[in-house]
Amino acid sequence: MNDVAHVVLKPVEDGEENPYLLGVYAPVVDEISADDLEVIGSIPADLNGVYVRNGPNRRFPATGRHHWFDGDGMVHAVHFENGRARYANRWVRTEAFEAESRAGRGLWTGVMEDPKGNPFGNGHGLGLKDSANTDVTFFAGRLLASWYLCGTPRALDPLSLATLGPETFLGTLTGDFMAHPKVDEATGELFWFDYGPEPPYLRYGVVGADGRVAHTTHVDLPGPRLPHDMAITENHAILMDLPLIQDQEARRQGRYKLHFERSLPSRFAVLPRYGDGSRVRWFEAAPGYIYHVVNSWEEDGEIVLDVCRVKDPQHQPRISHPLARMLAYLRLDAQLWRYRFDLTTGRTVEGPRDEDNTEFPSIDSRMVGRRNRFAYNVHIAREDTLLFDGIVRYDLHTGERQDHRFGAGRWGSEAPFAPRDGGTGEDDGYLVSFVTDERENRSEVVVLHAADLAAGPVCRILLPVRVPVGFHATWVRADQLGGRG
(Lines give C-alpha, C1' and ligand atoms only; values in the text may rest on other atoms or scores of the structure.)
Protein backbone atom coordinates (compact mmCIF):
# COMPACT_ATOMS: atom_id res chain seq x y z
CA MET A 1 0.00 0.00 0.00
CA ASN A 2 1.50 3.32 -1.01
CA ASP A 3 -0.76 6.23 -1.94
CA VAL A 4 1.69 8.84 -0.69
CA ALA A 5 3.81 10.83 -3.08
CA HIS A 6 7.58 10.71 -2.69
CA VAL A 7 9.04 14.00 -1.51
CA VAL A 8 12.53 15.26 -0.81
CA LEU A 9 12.97 17.08 2.46
CA LYS A 10 15.61 19.79 2.75
CA PRO A 11 17.17 19.49 6.19
CA VAL A 12 19.09 22.78 5.99
CA GLU A 13 18.45 25.49 8.60
CA ASP A 14 20.40 28.72 8.05
CA GLY A 15 23.17 26.77 6.36
CA GLU A 16 23.20 23.99 8.98
CA GLU A 17 21.69 20.53 8.67
CA ASN A 18 18.82 19.76 11.03
CA PRO A 19 19.76 16.50 12.78
CA TYR A 20 16.09 15.65 13.36
CA LEU A 21 15.63 15.21 9.60
CA LEU A 22 18.70 13.04 9.11
CA GLY A 23 19.95 9.54 9.82
CA VAL A 24 17.82 7.56 12.25
CA TYR A 25 15.29 10.44 12.36
CA ALA A 26 14.87 10.80 8.60
CA PRO A 27 11.22 10.37 7.54
CA VAL A 28 10.05 7.39 5.52
CA VAL A 29 7.41 7.84 2.85
CA ASP A 30 6.20 4.37 1.91
CA GLU A 31 3.41 2.55 3.70
CA ILE A 32 4.19 -1.16 3.58
CA SER A 33 3.07 -4.50 4.96
CA ALA A 34 5.58 -7.31 5.35
CA ASP A 35 5.11 -10.96 6.30
CA ASP A 36 7.58 -13.82 6.76
CA LEU A 37 10.14 -11.63 8.49
CA GLU A 38 13.66 -12.91 9.07
CA VAL A 39 14.15 -13.93 12.70
CA ILE A 40 17.36 -14.44 14.64
CA GLY A 41 16.41 -16.85 17.41
CA SER A 42 12.80 -17.95 17.89
CA ILE A 43 9.70 -15.89 18.52
CA PRO A 44 8.08 -17.21 21.72
CA ALA A 45 4.86 -19.07 21.01
CA ASP A 46 3.27 -17.46 24.09
CA LEU A 47 3.89 -13.91 22.81
CA ASN A 48 0.66 -12.96 21.04
CA GLY A 49 -0.59 -9.46 20.40
CA VAL A 50 0.37 -6.22 18.66
CA TYR A 51 3.24 -3.83 19.40
CA VAL A 52 2.45 -0.34 18.10
CA ARG A 53 4.57 2.81 18.22
CA ASN A 54 3.70 6.35 17.15
CA GLY A 55 6.06 9.11 16.13
CA PRO A 56 6.75 12.18 13.98
CA ASN A 57 7.38 11.62 10.29
CA ARG A 58 7.29 14.79 8.21
CA ARG A 59 5.63 14.23 4.86
CA PHE A 60 6.12 17.58 3.11
CA PRO A 61 8.73 20.30 3.60
CA ALA A 62 7.48 23.39 5.40
CA THR A 63 8.46 27.03 5.54
CA GLY A 64 10.86 27.90 8.33
CA ARG A 65 12.68 25.87 10.94
CA HIS A 66 11.81 22.24 11.56
CA HIS A 67 11.22 20.95 15.07
CA TRP A 68 11.16 17.20 15.72
CA PHE A 69 7.63 17.53 17.15
CA ASP A 70 6.34 18.96 13.83
CA GLY A 71 6.34 15.64 11.98
CA ASP A 72 3.13 14.01 10.80
CA GLY A 73 1.98 11.02 12.83
CA MET A 74 2.96 7.59 11.60
CA VAL A 75 2.34 4.34 13.45
CA HIS A 76 4.58 1.29 13.08
CA ALA A 77 3.38 -2.09 14.31
CA VAL A 78 4.39 -5.72 14.58
CA HIS A 79 1.67 -8.32 15.04
CA PHE A 80 2.79 -11.48 16.85
CA GLU A 81 0.77 -14.64 16.36
CA ASN A 82 1.71 -18.26 17.05
CA GLY A 83 5.44 -17.77 16.73
CA ARG A 84 5.24 -15.59 13.61
CA ALA A 85 5.38 -11.83 13.09
CA ARG A 86 4.27 -9.34 10.48
CA TYR A 87 5.06 -5.63 10.18
CA ALA A 88 3.08 -2.65 8.88
CA ASN A 89 3.27 1.13 9.02
CA ARG A 90 0.58 3.70 8.24
CA TRP A 91 0.18 7.46 8.35
CA VAL A 92 -2.28 8.84 10.89
CA ARG A 93 -4.72 10.58 8.61
CA THR A 94 -5.65 13.73 10.49
CA GLU A 95 -7.57 16.65 9.00
CA ALA A 96 -4.30 18.49 8.47
CA PHE A 97 -2.72 15.46 6.79
CA GLU A 98 -5.64 15.19 4.38
CA ALA A 99 -5.56 18.92 3.64
CA GLU A 100 -1.87 18.77 2.75
CA SER A 101 -2.49 15.62 0.71
CA ARG A 102 -5.04 17.47 -1.40
CA ALA A 103 -2.69 20.42 -1.81
CA GLY A 104 0.35 18.26 -2.53
CA ARG A 105 2.54 20.41 -0.29
CA GLY A 106 3.05 21.55 3.28
CA LEU A 107 0.51 24.11 4.50
CA TRP A 108 1.56 24.49 8.13
CA THR A 109 4.66 26.03 9.63
CA GLY A 110 6.15 24.32 12.67
CA VAL A 111 6.20 24.99 16.39
CA MET A 112 9.24 27.28 16.03
CA GLU A 113 7.52 29.64 13.59
CA ASP A 114 4.63 32.12 13.60
CA PRO A 115 1.39 30.11 13.15
CA LYS A 116 -0.73 33.05 11.97
CA GLY A 117 -0.83 31.87 8.36
CA ASN A 118 -1.69 28.26 9.16
CA PRO A 119 -5.08 27.01 7.88
CA PHE A 120 -6.37 25.91 11.31
CA GLY A 121 -5.21 24.58 14.66
CA ASN A 122 -6.75 22.83 17.64
CA GLY A 123 -9.96 23.60 19.51
CA HIS A 124 -8.26 26.24 21.66
CA GLY A 125 -7.18 28.23 18.63
CA LEU A 126 -3.54 27.22 18.87
CA GLY A 127 -2.61 27.53 15.21
CA LEU A 128 -0.18 24.61 15.09
CA LYS A 129 -0.81 21.42 13.13
CA ASP A 130 -2.51 18.72 15.18
CA SER A 131 -0.60 15.74 13.81
CA ALA A 132 -1.67 13.05 16.33
CA ASN A 133 1.98 11.97 16.40
CA THR A 134 2.66 11.54 20.13
CA ASP A 135 1.06 8.56 21.86
CA VAL A 136 -1.07 5.57 21.00
CA THR A 137 -3.50 4.12 23.54
CA PHE A 138 -5.76 1.08 23.31
CA PHE A 139 -9.33 1.65 24.47
CA ALA A 140 -12.64 -0.07 23.69
CA GLY A 141 -11.30 -2.04 20.73
CA ARG A 142 -9.52 0.86 19.06
CA LEU A 143 -6.16 2.57 19.12
CA LEU A 144 -6.24 6.28 19.89
CA ALA A 145 -3.48 8.41 18.36
CA SER A 146 -3.03 11.65 20.32
CA TRP A 147 -1.09 14.91 20.16
CA TYR A 148 1.12 16.48 22.83
CA LEU A 149 -0.48 19.96 22.74
CA CYS A 150 -4.07 18.63 22.95
CA GLY A 151 -6.04 17.91 19.82
CA THR A 152 -8.53 15.52 18.31
CA PRO A 153 -7.83 11.85 19.09
CA ARG A 154 -7.76 9.70 15.99
CA ALA A 155 -9.19 6.19 16.12
CA LEU A 156 -7.15 3.49 14.39
CA ASP A 157 -7.85 -0.16 13.71
CA PRO A 158 -5.35 -2.11 15.86
CA LEU A 159 -4.65 -4.69 13.14
CA SER A 160 -4.87 -2.84 9.82
CA LEU A 161 -3.75 0.49 11.36
CA ALA A 162 -6.29 2.23 9.13
CA THR A 163 -7.44 5.61 10.43
CA LEU A 164 -11.13 5.24 11.26
CA GLY A 165 -11.70 8.93 11.88
CA PRO A 166 -11.87 11.35 14.80
CA GLU A 167 -12.74 9.66 18.10
CA THR A 168 -15.74 11.47 19.58
CA PHE A 169 -16.73 8.80 22.12
CA LEU A 170 -20.13 8.31 20.52
CA GLY A 171 -20.55 12.03 19.96
CA THR A 172 -20.01 13.02 23.59
CA LEU A 173 -16.48 14.51 23.46
CA THR A 174 -16.32 18.31 23.39
CA GLY A 175 -13.05 20.20 23.27
CA ASP A 176 -9.60 18.70 22.92
CA PHE A 177 -7.81 15.68 24.36
CA MET A 178 -4.32 15.40 25.87
CA ALA A 179 -1.46 13.12 24.84
CA HIS A 180 -1.46 10.52 27.62
CA PRO A 181 -4.93 9.37 28.73
CA LYS A 182 -5.09 6.68 31.41
CA VAL A 183 -7.12 3.50 30.98
CA ASP A 184 -8.26 1.48 33.99
CA GLU A 185 -8.59 -2.02 32.58
CA ALA A 186 -10.38 -3.21 35.74
CA THR A 187 -13.29 -0.78 35.26
CA GLY A 188 -13.10 -0.09 31.53
CA GLU A 189 -12.88 3.68 32.07
CA LEU A 190 -10.60 6.21 30.38
CA PHE A 191 -9.37 9.43 32.04
CA TRP A 192 -8.08 12.52 30.27
CA PHE A 193 -7.61 16.27 30.49
CA ASP A 194 -7.66 19.23 28.14
CA TYR A 195 -5.72 22.46 28.55
CA GLY A 196 -5.27 25.72 26.68
CA PRO A 197 -4.03 29.32 26.72
CA GLU A 198 -7.37 30.88 27.72
CA PRO A 199 -9.67 30.24 30.73
CA PRO A 200 -10.69 27.67 31.75
CA TYR A 201 -7.06 26.58 31.62
CA LEU A 202 -7.61 22.94 32.60
CA ARG A 203 -10.54 20.58 32.09
CA TYR A 204 -10.66 16.99 33.35
CA GLY A 205 -12.91 14.19 32.15
CA VAL A 206 -13.84 10.51 32.33
CA VAL A 207 -15.08 8.21 29.58
CA GLY A 208 -17.22 5.43 31.04
CA ALA A 209 -17.08 1.75 30.19
CA ASP A 210 -19.95 2.33 27.75
CA GLY A 211 -17.65 4.49 25.61
CA ARG A 212 -19.39 7.79 26.41
CA VAL A 213 -18.04 10.79 28.30
CA ALA A 214 -19.47 10.36 31.78
CA HIS A 215 -17.92 13.31 33.63
CA THR A 216 -16.15 16.61 33.01
CA THR A 217 -15.10 19.41 35.33
CA HIS A 218 -12.85 22.47 35.33
CA VAL A 219 -9.81 22.74 37.59
CA ASP A 220 -8.84 26.29 38.46
CA LEU A 221 -5.27 27.35 37.63
CA PRO A 222 -3.63 30.74 38.12
CA GLY A 223 -2.76 30.95 34.43
CA PRO A 224 -2.04 28.86 31.33
CA ARG A 225 0.19 25.86 31.95
CA LEU A 226 1.67 22.98 29.93
CA PRO A 227 0.73 19.75 31.70
CA HIS A 228 1.76 16.69 29.74
CA ASP A 229 0.62 13.67 31.76
CA MET A 230 -1.66 12.66 34.64
CA ALA A 231 -2.21 9.76 36.99
CA ILE A 232 -5.06 7.80 38.53
CA THR A 233 -5.53 5.63 41.59
CA GLU A 234 -8.50 3.39 42.37
CA ASN A 235 -10.43 6.37 43.74
CA HIS A 236 -8.64 9.52 42.61
CA ALA A 237 -7.21 11.43 39.66
CA ILE A 238 -3.98 13.44 39.94
CA LEU A 239 -3.45 16.47 37.70
CA MET A 240 -0.48 18.84 37.63
CA ASP A 241 0.25 22.57 37.75
CA LEU A 242 3.96 22.74 36.93
CA PRO A 243 6.08 25.89 36.54
CA LEU A 244 6.80 25.46 32.83
CA ILE A 245 4.75 28.26 31.32
CA GLN A 246 4.04 29.56 27.86
CA ASP A 247 5.46 33.06 27.49
CA GLN A 248 2.37 35.23 26.95
CA GLU A 249 4.23 38.16 25.40
CA ALA A 250 5.79 35.83 22.85
CA ARG A 251 2.36 34.35 22.21
CA ARG A 252 0.93 37.79 21.46
CA GLN A 253 3.73 38.22 18.94
CA GLY A 254 2.84 34.91 17.28
CA ARG A 255 5.74 32.96 18.79
CA TYR A 256 5.65 29.80 20.87
CA LYS A 257 8.12 30.20 23.73
CA LEU A 258 8.37 28.39 27.05
CA HIS A 259 9.62 29.74 30.36
CA PHE A 260 10.55 27.73 33.46
CA GLU A 261 9.57 29.80 36.49
CA ARG A 262 11.87 28.53 39.23
CA SER A 263 10.19 30.63 41.91
CA LEU A 264 6.95 28.64 41.64
CA PRO A 265 6.37 25.24 43.24
CA SER A 266 5.16 22.14 41.45
CA ARG A 267 1.53 21.61 42.42
CA PHE A 268 -0.51 18.42 42.26
CA ALA A 269 -4.31 18.41 42.19
CA VAL A 270 -5.91 15.36 43.81
CA LEU A 271 -9.63 14.92 43.31
CA PRO A 272 -12.11 12.02 43.32
CA ARG A 273 -12.42 10.31 39.97
CA TYR A 274 -15.88 11.81 39.49
CA GLY A 275 -15.26 14.84 41.69
CA ASP A 276 -16.05 18.44 40.91
CA GLY A 277 -13.12 20.78 40.40
CA SER A 278 -14.11 22.58 43.59
CA ARG A 279 -13.13 19.44 45.55
CA VAL A 280 -9.48 19.52 44.46
CA ARG A 281 -6.83 19.19 47.15
CA TRP A 282 -3.51 20.79 46.21
CA PHE A 283 -0.14 19.39 47.25
CA GLU A 284 3.06 21.38 46.71
CA ALA A 285 6.57 20.15 45.91
CA ALA A 286 9.89 21.51 44.66
CA PRO A 287 9.84 23.15 41.21
CA GLY A 288 10.47 20.80 38.32
CA TYR A 289 8.76 19.35 35.27
CA ILE A 290 7.20 15.98 34.56
CA TYR A 291 6.73 14.63 31.08
CA HIS A 292 5.72 11.12 32.01
CA VAL A 293 4.11 9.32 34.92
CA VAL A 294 5.14 5.80 35.86
CA ASN A 295 2.10 4.99 38.04
CA SER A 296 0.18 6.01 41.15
CA TRP A 297 -1.76 4.22 43.90
CA GLU A 298 -3.26 4.58 47.39
CA GLU A 299 -1.34 3.30 50.41
CA ASP A 300 -1.93 3.82 54.16
CA GLY A 301 -3.78 7.11 53.81
CA GLU A 302 -1.36 8.45 51.20
CA ILE A 303 -1.23 8.71 47.44
CA VAL A 304 2.06 7.49 46.02
CA LEU A 305 3.09 8.91 42.65
CA ASP A 306 6.11 7.66 40.70
CA VAL A 307 7.28 9.82 37.79
CA CYS A 308 10.27 10.71 35.66
CA ARG A 309 11.11 14.18 36.99
CA VAL A 310 13.06 16.79 35.06
CA LYS A 311 14.83 19.15 37.44
CA ASP A 312 15.55 21.79 34.80
CA PRO A 313 13.52 21.57 31.56
CA GLN A 314 15.38 24.55 30.05
CA HIS A 315 18.90 23.30 29.45
CA GLN A 316 21.39 25.84 28.21
CA PRO A 317 22.77 25.14 24.73
CA ARG A 318 26.14 23.38 24.80
CA ILE A 319 26.89 23.54 21.07
CA SER A 320 26.99 26.33 18.49
CA HIS A 321 24.16 25.71 16.04
CA PRO A 322 21.23 27.76 14.65
CA LEU A 323 18.95 25.22 16.34
CA ALA A 324 20.91 25.07 19.60
CA ARG A 325 17.96 25.97 21.82
CA MET A 326 15.76 23.29 20.30
CA LEU A 327 18.51 20.70 20.63
CA ALA A 328 19.04 21.65 24.28
CA TYR A 329 15.31 21.50 25.05
CA LEU A 330 15.06 17.99 23.60
CA ARG A 331 17.97 16.64 25.65
CA LEU A 332 16.00 15.04 28.47
CA ASP A 333 17.62 14.80 31.88
CA ALA A 334 15.11 12.96 34.06
CA GLN A 335 15.30 10.76 37.14
CA LEU A 336 12.91 8.23 38.64
CA TRP A 337 11.22 10.20 41.43
CA ARG A 338 8.59 9.44 44.07
CA TYR A 339 6.02 11.74 45.68
CA ARG A 340 3.92 10.80 48.69
CA PHE A 341 0.84 12.96 49.35
CA ASP A 342 -0.60 12.53 52.87
CA LEU A 343 -4.38 12.84 52.56
CA THR A 344 -4.72 13.54 56.30
CA THR A 345 -2.05 16.17 56.91
CA GLY A 346 -1.66 17.62 53.39
CA ARG A 347 2.09 17.01 53.61
CA THR A 348 4.24 16.12 50.58
CA VAL A 349 7.35 13.95 50.83
CA GLU A 350 9.46 13.58 47.71
CA GLY A 351 12.78 12.21 46.57
CA PRO A 352 14.70 10.26 43.91
CA ARG A 353 14.52 6.51 43.45
CA ASP A 354 17.45 6.48 41.02
CA GLU A 355 19.97 9.06 39.79
CA ASP A 356 20.35 7.77 36.23
CA ASN A 357 18.78 9.47 33.23
CA THR A 358 15.78 7.33 32.25
CA GLU A 359 12.41 8.18 30.76
CA PHE A 360 9.46 6.90 28.64
CA PRO A 361 8.34 4.49 31.40
CA SER A 362 6.18 1.42 30.90
CA ILE A 363 4.41 -0.89 33.36
CA ASP A 364 2.04 -3.82 33.12
CA SER A 365 -1.03 -1.98 31.83
CA ARG A 366 -3.29 -4.06 34.07
CA MET A 367 -1.68 -2.36 37.10
CA VAL A 368 -2.47 1.25 36.19
CA GLY A 369 -3.82 2.94 39.33
CA ARG A 370 -2.75 0.06 41.57
CA ARG A 371 0.50 -0.62 43.37
CA ASN A 372 2.96 -2.05 40.86
CA ARG A 373 6.33 -3.62 41.47
CA PHE A 374 8.17 -3.17 38.18
CA ALA A 375 8.77 -0.23 35.85
CA TYR A 376 10.55 -0.46 32.51
CA ASN A 377 12.22 2.79 31.40
CA VAL A 378 14.39 3.60 28.42
CA HIS A 379 17.91 4.83 29.14
CA ILE A 380 18.80 8.22 27.65
CA ALA A 381 22.04 8.27 25.67
CA ARG A 382 24.69 10.96 26.15
CA GLU A 383 24.17 12.44 22.70
CA ASP A 384 23.30 15.86 21.32
CA THR A 385 19.91 14.56 20.15
CA LEU A 386 17.39 12.45 22.04
CA LEU A 387 18.25 8.77 21.66
CA PHE A 388 17.48 5.66 23.72
CA ASP A 389 20.48 3.37 24.13
CA GLY A 390 18.94 0.76 26.42
CA ILE A 391 16.21 -0.37 28.81
CA VAL A 392 16.25 -0.27 32.61
CA ARG A 393 14.02 -2.50 34.74
CA TYR A 394 13.28 -1.05 38.18
CA ASP A 395 12.10 -3.22 41.06
CA LEU A 396 10.18 -0.60 43.04
CA HIS A 397 9.88 -2.91 46.07
CA THR A 398 13.55 -3.74 46.54
CA GLY A 399 15.21 -0.83 44.71
CA GLU A 400 17.17 -3.21 42.47
CA ARG A 401 17.60 -2.62 38.75
CA GLN A 402 18.54 -4.56 35.65
CA ASP A 403 19.96 -3.08 32.46
CA HIS A 404 20.08 -3.98 28.81
CA ARG A 405 22.01 -1.90 26.26
CA PHE A 406 21.22 -2.16 22.57
CA GLY A 407 24.86 -1.78 21.48
CA ALA A 408 26.99 0.84 19.78
CA GLY A 409 25.10 2.90 17.22
CA ARG A 410 21.82 1.09 17.98
CA TRP A 411 18.89 3.16 19.23
CA GLY A 412 15.63 1.83 20.62
CA SER A 413 12.04 2.81 21.32
CA GLU A 414 9.72 2.85 24.30
CA ALA A 415 9.39 -0.81 25.30
CA PRO A 416 5.97 -1.77 26.69
CA PHE A 417 5.51 -4.88 28.81
CA ALA A 418 3.92 -7.74 26.87
CA PRO A 419 2.58 -10.44 29.24
CA ARG A 420 2.97 -13.95 27.98
CA ASP A 421 -0.18 -16.02 27.45
CA GLY A 422 -1.28 -17.17 30.89
CA GLY A 423 1.32 -15.01 32.62
CA THR A 424 0.66 -14.22 36.28
CA GLY A 425 3.09 -11.45 37.21
CA GLU A 426 4.30 -8.01 36.16
CA ASP A 427 7.52 -9.51 34.81
CA ASP A 428 6.05 -12.77 33.52
CA GLY A 429 6.37 -11.85 29.89
CA TYR A 430 8.46 -9.82 27.48
CA LEU A 431 9.60 -6.33 26.53
CA VAL A 432 9.37 -5.38 22.87
CA SER A 433 11.24 -2.51 21.18
CA PHE A 434 12.06 -1.23 17.72
CA VAL A 435 15.83 -0.84 17.42
CA THR A 436 17.50 1.02 14.55
CA ASP A 437 21.15 0.50 13.66
CA GLU A 438 22.51 3.78 12.32
CA ARG A 439 25.46 2.05 10.65
CA GLU A 440 23.33 -0.39 8.67
CA ASN A 441 20.42 2.04 8.22
CA ARG A 442 18.08 -0.79 9.13
CA SER A 443 15.64 -1.60 11.92
CA GLU A 444 14.60 -4.68 13.82
CA VAL A 445 12.36 -5.66 16.70
CA VAL A 446 14.12 -6.87 19.84
CA VAL A 447 12.25 -9.12 22.28
CA LEU A 448 13.61 -9.45 25.83
CA HIS A 449 12.54 -11.52 28.84
CA ALA A 450 11.09 -8.95 31.25
CA ALA A 451 12.39 -10.95 34.22
CA ASP A 452 15.95 -11.20 32.88
CA LEU A 453 17.15 -8.29 30.79
CA ALA A 454 20.77 -9.26 31.32
CA ALA A 455 20.21 -12.46 29.35
CA GLY A 456 19.91 -10.44 26.15
CA PRO A 457 17.37 -10.80 23.35
CA VAL A 458 15.11 -13.81 23.13
CA CYS A 459 14.91 -13.04 19.44
CA ARG A 460 15.56 -10.30 16.90
CA ILE A 461 13.08 -9.77 14.07
CA LEU A 462 14.72 -8.07 11.10
CA LEU A 463 12.58 -5.55 9.23
CA PRO A 464 12.82 -4.77 5.51
CA VAL A 465 12.66 -1.02 6.22
CA ARG A 466 14.03 1.51 8.66
CA VAL A 467 11.75 2.69 11.47
CA PRO A 468 12.61 6.31 12.38
CA VAL A 469 13.23 7.09 16.03
CA GLY A 470 9.90 8.11 17.51
CA PHE A 471 7.77 8.63 20.58
CA HIS A 472 5.37 6.38 22.51
CA ALA A 473 4.29 2.77 22.16
CA THR A 474 1.73 0.32 23.49
CA TRP A 475 1.15 -3.42 23.62
CA VAL A 476 -2.29 -4.83 22.80
CA ARG A 477 -2.80 -8.38 24.11
CA ALA A 478 -4.40 -11.02 21.92
CA ASP A 479 -7.30 -11.33 24.34
CA GLN A 480 -7.98 -7.59 23.95
CA LEU A 481 -8.28 -8.04 20.20
CA GLY A 482 -11.35 -10.20 20.71
CA GLY A 483 -10.36 -13.00 18.38
CA ARG A 484 -9.55 -10.64 15.52
CA GLY A 485 -5.99 -11.93 15.09
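Just the heavy atoms: all of them, side chains too, but no hydrogens, waters or symmetry mates, feed the values below.
Between Ile238 atom CD1 and Phe268 atom CZ the span is 10.0 Å, to the nearest 0.5 Å. One finds the CD1 atom of Ile380 at 8.0 Å from the CG atom of Asp389 (value rounded to the nearest 0.5 Å).
Using a 4.0 Å cut-off between charged side-chain N and carboxylate O, Arg331 and Asp384 make no salt bridge. Residues Glu167 and Arg142 are paired through a salt bridge, judged by an N-O separation under 4.0 Å between the basic side chain and the carboxylate. Under a 4.0 Å N-O distance rule, the pair Arg466/Asp437 does not qualify as a salt bridge. Between Glu444 and Arg410 a salt bridge is recorded (basic side-chain N to carboxylate O distance below 4.0 Å). By the 4.0 Å N-to-carboxylate-O rule, Asp72 lies too far from Arg58 to be salt-bridged with it. Salt-bridge annotation for Arg401 and Asp354: present, with a side-chain N of the basic residue lying under 4.0 Å from a carboxylate O of the acidic one. Using a 4.0 Å cut-off between charged nitrogen and carboxylate oxygen, Glu38 and Arg460 do not count as a salt-bridge pair. Ion pairing between Arg86 and Asp36 fails under the 4.0 Å rule for side-chain N and carboxylate O.
Under the salt bridge (charged side-chain N to carboxylate O under 4.0 Å, His left out) criterion, Arg105 pairs with no residue at all, not counting sequence neighbours. With sequence neighbours excluded, the residues that form a ring-ring contact (aromatic ring centres under 6.0 Å, His included) with Trp475 are Phe80. In this view, Tyr201 satisfies the ring-ring contact (aromatic ring centres under 6.0 Å, His included) rule with no residue, not counting sequence neighbours.
Checked against the 6.0 Å centroid threshold, Phe360 and His472 count as a close aromatic pair. Between Tyr25 and Trp68, the gap from one ring centroid to the other is short of 6.0 Å. The aromatic ring centroids of Phe97 and Trp108 lie 6.0 Å or more from each other. Between Tyr20 and His66, a ring centre-to-centre spacing not shorter than 6.0 Å is recorded. Side-chain rings of His379 and His404 stay apart, their centers remaining 6.0 Å or farther from each other.
Note: Tyr87 and Phe434 have perpendicular aromatic rings, judged against thresholds of 30 and 60 degrees for the angle between ring planes. Aromatic ring pairs are classed by plane angle as parallel below 30°, tilted from 30° to 60° and perpendicular above 60°; the pair Phe471 and Phe69 is perpendicular. The aromatic rings of His228 and His180 sit perpendicular to each other, their planes meeting at more than 60°, with 30° as the lower class boundary.
A side-chain donor-acceptor contact under 3.5 Å links Ser101 and Arg59.
In terms of heavy atoms, Asn133 sits closest to Gly71 at ND2-O, 2.7 Å.
Proximity of Ile245 to Leu264: side-chain heavy atoms (C-beta onward) are separated by under 4.5 Å at one or more points. Leu143 places none of its side-chain heavy atoms less than 4.5 Å from the side chain of Thr137. Within the 4.5 Å cutoff, no side-chain heavy atoms of Asp241 are placed close to those of Pro227. Using a 4.5 Å cut-off on side-chain heavy atoms (C-beta onward), Val392 and Thr358 make contact.
Side-chain atoms of Asp157 come within 3.5 Å of backbone atoms of Leu159 as a donor-acceptor pair (strictly under, hydrogens ignored). A donor-acceptor pair under 3.5 Å links the side-chain atoms of Asn54 to the main chain of Asp135, judged by distance alone. The backbone N or O of Gly399 lies less than 3.5 Å from no partner atom in the side chain of Asp395, so there is not a single donor-acceptor pair. Under a 3.5 Å cut-off, the side chain of Ser433 and the backbone N or O of Val435 do not form any donor-acceptor pair. Checking side-chain atoms of Asp70 against main-chain N and O of His67 turns up a donor-acceptor pair under 3.5 Å. Checked by atom type and distance alone, the side chain of Arg53 never pairs as donor or acceptor with a backbone atom of Val467 at under 3.5 Å. Side chain of Glu359 to backbone of Leu332: no donor-acceptor contact under 3.5 angstrom is found.
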Legend entry - Ser365/Glu185 under side-chain hydrogen bond (donor to acceptor under 3.5 Å, both in side chains): CA gap, chis, key distance, verdict: CA-CA 8 Å; Ser365 63; Glu185 294 187 18; 2.7 Å; yes
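For the pair Arg393 and Phe374, the distance from NZ or CZ to the six-membered ring centre is under 6.0 Å and the angle to the ring normal is within 45 degrees.
Summarising the local packing, CD of Glu440 is surrounded by 12 or fewer heavy atoms from other residues, nucleotides or ligands at distances under 6.0 Å. The local environment of CZ in Arg84 is sparse, with at most 12 non-hydrogen atoms from other residues, nucleotides or ligands closer than 6.0 Å.
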